[in-house]
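Remember, predicted model here, so these are calculated numbers, not experimental data. Whatever order the structure lists ligands and atoms in, that order sets their numbers, starting from 1.
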Amino acid sequence: MTFKNIPSHIAVIMDGNGRWAKKRNLARIYGHIEGIKSLKSVIKTAIKYKIKYLTVYAFSSENWQRPPEEVVSLMELLDEYIKIELPYLIKNKIELQFIGNIEKIPEKSKSALLDAVQKTKNLGGLILTLALSYGSREEILNAVSKIAESIEKGDVKVKDISGEYFSSCLYTAGVPDPDLLIRTSGEYRLSNFLLYQTAYTELYFTRTLWPDFRGKNLVAAMKNYEKRIRRFGKTHI
Ligand code: FPP
């Protein structure tokens, strides 16, 4: 499969794990376990097509309100995923990054994450960002506080607060805005994910549940993206 234009940054809301499990009379965690297989397949395909950035919503700031046993299992899965996948990440030069308030993440999973981030730094391949304990409004508020503090200290002047400067204060500093955002499972909303960064992102919604979403589904989304005409608010030429 060849493409005329390939998105440089793809963001994914991996939704529908619970429904996938429910349909099979399984506990929700089995949906998340299958969801990891989908993530691995999508990463492999992203590498094949030389996608530069892949950002996935793994755990939102609101997800802490889920039943404690699901939260504990998800954190264990995170720890397990990172430990098992680290050699693959390194071999394939994948740089692991995260966005979100990871202070809330249990120590074991947090240290596995920080260790993997350190060990995959500057490898030069796909930049895989896990959004963990992430909420976009919190991210924006955090940026506003940082900027206000810098102004208060006299490090920055109000007239110097450009869009570029603002972006550099977000968790996603240094990562370009997504070109394509995919949400699975037939829900049509952003759910507090990258609200500032998706101003001109192309949106792709599919009814496929995340555990059923594999590399070939990513290719279908990229095929759809290829047909989009991006104007960024300008007139069509
Ligand atoms: C949304 O489905 C999915 C999540 C809240 C977790 C996403 C996690 C994974 C894909 C696996 C874990 C990934 C890592 C990196 C450890 P849902 O549970 O809201 O599904 P539902 O809407 O059908 O209930």
Have His32 and Glu70 got a donor and an acceptor in their side chains that come within less than 3.5 Å?
yes
Name the closest protein heavy atom to atom 16 (C) of ligand 1, giving the residue it belongs to and the distance to 0.1 Å.
Leu78 CA, 3.5 Å
Closest to atom 19 (O) of ligand 1 among protein heavy atoms sits Arg66 NH2, 2.8 Å
same_hphob_cluster(Leu180, Ile6) at 4.5 Å side-chain heavy-atom cutoff:
yes
Output the list of atoms in ligand 1 that are nearer than 4.0 Å to some heavy atom of Arg19, sorted by atom number.
21 (P), 22 (O), 23 (O)
For Asp15, is at least one N or O under 3.5 Å away from an N or O on ligand 1?
yes
Which of the ligand 1 atoms, numbered from 1, are nearer than 4.0 Å to a heavy atom of Trp210
10 (C)
Atom 17 (P) of ligand 1: which of Glu34, Arg28, Met14 has the nearest heavy atom?
Arg28
for atom 9 (C) of ligand 1, nearest protein heavy atom and its distance come out as Asn17 ND2, 3.6 Å
Which atoms from ligand 1 have a heavy atom of Asn63 less than 4.0 Å away?
5 (C)
Counting each atom of ligand 1 from 1 as listed, which ones have a heavy atom of Gly18 under 4.0 Å away?
17 (P), 18 (O), 20 (O), 21 (P), 23 (O), 24 (O)
Hey, is NZ on Lys223 packed in by over 12 heavy atoms from elsewhere, all under 6.0 Å?
yes
With the side chain counted from C-beta on, respond yes when Arg183 and Ser191 share a heavy-atom pair under 4.5 Å apart, and no when they do not.
yes
So which heavy atom in the protein is nearest atom 4 (C) of ligand 1, and how far is it from that ligand atom?
His32 CE1, 3.9 Å
Candidate pair Arg214 and Glu34, rule salt bridge (charged side-chain N to carboxylate O under 4.0 Å, His left out), full reasoning:
CA-CA 11 Å; Arg214 296 296 150 102; Glu34 195 64 24; 3.0 Å; yes
Show your working on ring pair (Phe, Tyr, Trp, His ring centres under 6.0 Å) between Tyr196 and Phe166 and close with a plain yes or no.
CA-CA 10 Å; Tyr196 186 83; Phe166 191 82; 4.9 Å; yes
Within 6.0 angstrom of Tyr30 OH, more than 12 heavy atoms from elsewhere:
no
Using a strict cut-off of 4.0 Å, indicate which atoms of ligand 1 neighbour a heavy atom of Ile36.
11 (C), 12 (C)
Which atoms of ligand 1 are found less than 4.0 Å from any heavy atom of Ala58?
6 (C), 7 (C), 8 (C)
Output field: ring centroids Tyr225/Tyr204 closer than 6.0 Å
no
